[in-house]
Amino acid sequence: MVKVIGVRFKKAGKIYYFDPDDIEIEKGQNAIVETARGIEFGEVVVGPKNVSEEEIVSPLKKVLRVATQEDEIKNKENKEKEINAFDICLKKIEEHGLEMKLIDVEYTFDNNKVIFYFTADGRVDFRELVKDLASIFRTRIELRQIGVRDEAKMVGGMGPCGITLCCSTWLGEFEPVSIKMAKDQELSLNPSKISGICGRLLCCLRYEHESYLELIEGLPNQGEKVETPDGPGIVVDTSILLESVKVRLIENESKDQGELNLSDDIYVFHKSEIGRKDMNDTDNSTK
């Protein structure tokens with residue numbers, strides 16, 4: 001087991017593990033740590049704990065110190081400089097006539113690098129832009145193209161549910177979301193109904209997916225032949241949340257002609273009340 005703390009550098013950002021070494025540090029404090037891109041200022045969101053070596057990415061870097069008042073002031077100054085850098089970069093993008101949308105600017109804590117995040121429909125030749133920015137800021141410049149999900153995370157906004165976006169408030173990492181999740185939850189497949197403001201499938205489709213899979217287990221499909229307490233029937237509809245099915249009972253069945261006469265009435269049964277039957281090899285049609 002390895003002793004670590006979890007540090008987050010942005011609100012709702014990914015949590016990274018660091019070695020607290022012999023430093024007394026607790027959740028809620030700010031810390032100065034060394035990262036792959038330089039010295040950074042972050043918030044401790046996971047207090048000291050022991051994790052298995054499989055959970056960490058080697059090499060595990062150490063915490064340099066608990067953030068001092070001077071560090072807090074410098075971090076605040078960096079945030080103010082980011083606003084100015086954003087405006088400057090916008091003007092330079094316009095001067096160069098580049099088809100790119102600037103989303104965010106970030107200074108590393110030690111000011112060794114300024115990172116500009118942008119979106120674009122395709123590849124952008126920003127070499128001349130980088131030269132201009134480097135001459136203005138006199139430090140390393142990085143332009144990083146991001147996707148629409150990351151844009152929504154950085155910019156923020158309201159989701160179709162009327163609540164502030166999960167990705168910009170608490171969702172640390174994006175997880176894969178598929179159209180099958182919407183189908184399993186019997187949702188409308190209209191893109192406008194199951195897409196977020198980023199244009200991608202709603203992240204919340206994943207939240208209850210495992211619960212839906214548990215509810216679906218043992219639930220027959222629409223059109224399936226089942227055995228009910230009132231006799232055999234055909235499933236005409238299902239309700240996943242109620243774990244029930246609507247069934248039209250088979251009033252008579254002609255094996256020679258392979259036809260079924262179904263009841264006009266519809267009966268509701270819980271999945272625990274029914275059993276599945278093998279359909280005949282002959283094609284059946286309902287009247």
Side-chain angles (χ1 to χ4, degrees), residues 6-16 27-28 30 40-46 72 75-91 93-94 98-108 114-122 124 142-215 239-242:
V7 177
R8 181 176 277 162
F9 301 106
K10 285 188 174 183
K11 183 179 180 180
K14 183 178 178 180
I15 298 174
Y16 296 88
K27 179 180 177 181
N30 293 321
E40 292 284 20
F41 178 102
E43 180 187 0
V44 180
V45 293
V46 178
E72 301 279 356
N75 183 61
K76 184 177 180 181
E77 291 174 349
N78 285 344
K79 298 301 179 186
E80 294 172 352
K81 288 195 292 186
E82 288 170 0
I83 298 173
N84 182 54
F86 189 95
D87 293 335
I88 292 174
C89 188
L90 275 181
K91 293 177 182 178
I93 290 173
E94 186 177 354
L98 297 174
E99 295 185 1
M100 53 192 292
K101 179 182 177 183
L102 186 63
I103 302 301
D104 197 13
V105 179
E106 182 179 348
Y107 269 84
T108 58
V114 187
I115 305 170
F116 297 87
Y117 298 92
F118 72 95
T119 59
D121 291 334
V124 179
E142 180 180 340
L143 267 73
R144 185 176 298 177
Q145 187 169 354
I146 61 174
V148 289
R149 274 185 156 189
D150 292 303
E151 177 185 359
K153 187 179 186 71
M154 290 181 176
V155 176
M158 287 286 197
C161 56
I163 299 176
T164 307
L165 297 179
C166 297
C167 59
S168 66
T169 52
W170 63 269
L171 189 63
E173 294 185 67
F174 293 113
E175 295 188 26
V177 183
S178 67
I179 195 70
K180 183 178 183 300
M181 294 179 182
K183 292 180 179 179
D184 288 342
Q185 296 172 44
E186 297 186 335
L187 298 175
S188 167
L189 299 185
N190 183 336
S192 64
K193 300 289 187 182
I194 56 175
S195 299
I197 64 173
C198 61
R200 298 291 188 266
L201 290 172
L202 289 164
C203 291
C204 53
L205 290 177
R206 172 168 282 278
Y207 299 165
E208 299 176 347
H209 187 238
E210 290 185 5
S211 296
Y212 270 88
L213 292 181
E214 291 178 5
L215 295 175
S239 176
I240 296 176
L241 293 179
L242 295 178

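Every value quoted in this text rests on a predicted model; they were computed, and no experiment measured them.
Counting heavy atoms from C-beta on, the side chains of Cys166 and Tyr207 come closer than 4.5 Å. You'll find the side chain of Val105 reaches within 4.5 Å of the side chain of Val114, heavy atoms only. Between Ser178 and Lys183 there is no side-chain heavy-atom pair separated by less than 4.5 Å. Contact check for Val7 versus Glu40: no side-chain heavy atoms found under the 4.5 Å cut-off. Residues Lys91 and Ile88 have side chains not in contact (no heavy-atom distance under 4.5 Å, counting atoms from C-beta outward). Counting only heavy atoms from C-beta outward, the side chains of Lys79 and Ile83 never approach each other to under 4.5 Å.
Here the shortest heavy-atom pairing between Leu202 and Pro160 reads CD2-CG, 3.9 Å. Residues Phe118 and Val124 share a closest heavy-atom pair of CE1-CG2, 4.3 Å. Minimum heavy-atom separation, Ala12 to Ser168: CB-C, 3.7 Å. Closest non-hydrogen pair, Ala85 versus Phe116, comes out as O-CE2, 3.8 Å. In this structure, Gly42 and Phe9 approach most closely via the heavy-atom pair CA-CD2, 3.8 Å. Considering all non-hydrogen atoms of both residues, Asn78 and Tyr107 come closest at O-CD1, 4.1 Å.
Partners of Glu151 according to the salt bridge (Lys or Arg N to Asp or Glu O under 4.0 Å) rule, which considers only residues two or more places apart in sequence or in another chain, are Lys101. By the salt bridge (Lys or Arg N to Asp or Glu O under 4.0 Å) test, Glu142 is found to be paired with Lys113, Arg144, residues two or more places apart in sequence or in another chain being considered.
For the atom pair CG of Leu241 and OG of Ser211, the computed distance is 10.0 Å after rounding to the nearest 0.5 Å. Taken to the nearest 0.5 Å, the NZ atom of Lys81 stands 14.5 Å off from the NZ atom of Lys76. To the nearest 0.5 Å, the span separating CG on Leu215 from CD1 on Ile240 amounts to 7.5 Å. Separating the NZ atom in Lys153 from the NZ atom in Lys11 is a distance of 11.0 Å, to the nearest 0.5 Å.
Of the possible polar contacts, none joining the Lys14 side chain to the Glu173 backbone as a donor-acceptor pair under 3.5 Å is found. The closest donor-acceptor contact from the side chain of Arg8 to the backbone of Gly13 lies under 3.5 Å. Here the side chain of Glu99 pairs no donor or acceptor atom with the backbone of Ala120 at under 3.5 angstrom.
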Can you give each donor-acceptor pair under 3.5 Å made by side-chain atoms of residues 185-200, sequence neighbours left out, with the distance rounded to 0.1 Å?
| residue | atom | partner | partner atom | Å |
| --- | --- | --- | --- | --- |
| Gln185 | NE2 | Met181 | O | 3.3 |
| Gln185 | NE2 | Leu205 | O | 2.7 |
| Glu186 | OE2 | Thr238 | OG1 | 3.0 |
| Ser188 | OG | Asn190 | N | 3.2 |
| Asn190 | OD1 | Ser192 | N | 3.0 |
| Asn190 | OD1 | Ser192 | OG | 2.9 |
| Ser195 | OG | Pro191 | O | 2.6 |

Report task. Carefully, step by step, assess Lys180 and Asp184 under the rule salt bridge (Lys or Arg N to Asp or Glu O under 4.0 Å). Result -> CA-CA 6 Å; Lys180 183 178 183 300; Asp184 288 342; 3.0 Å; yes

Query raised in the report: Passes side chain to side chain contact (heavy atoms under 4.5 Å, CB included), Lys10 versus Met154? Steps please.
Result: CA-CA 9 Å; Lys10 285 188 174 183; Met154 290 181 176; 3.8 Å; yes

Query raised in the report: Yes or no on side chain to side chain contact (heavy atoms under 4.5 Å, CB included) for Leu201 and Ile179, after CA distance, side-chain angles and deciding distance?
Result: CA-CA 8 Å; Leu201 290 172; Ile179 195 70; 4.2 Å; yes

**Report entry** Candidate pair Thr164 and Met158, rule side chain to side chain contact (heavy atoms under 4.5 Å, CB included), full reasoning
**Finding:** CA-CA 4 Å; Thr164 307; Met158 287 286 197; 4.2 Å; yes

Query raised in the report: Is there a side chain to side chain contact (heavy atoms under 4.5 Å, CB included) between Met100 and Leu143 once you walk through the steps?
Result: CA-CA 11 Å; Met100 53 192 292; Leu143 267 73; 3.8 Å; yes

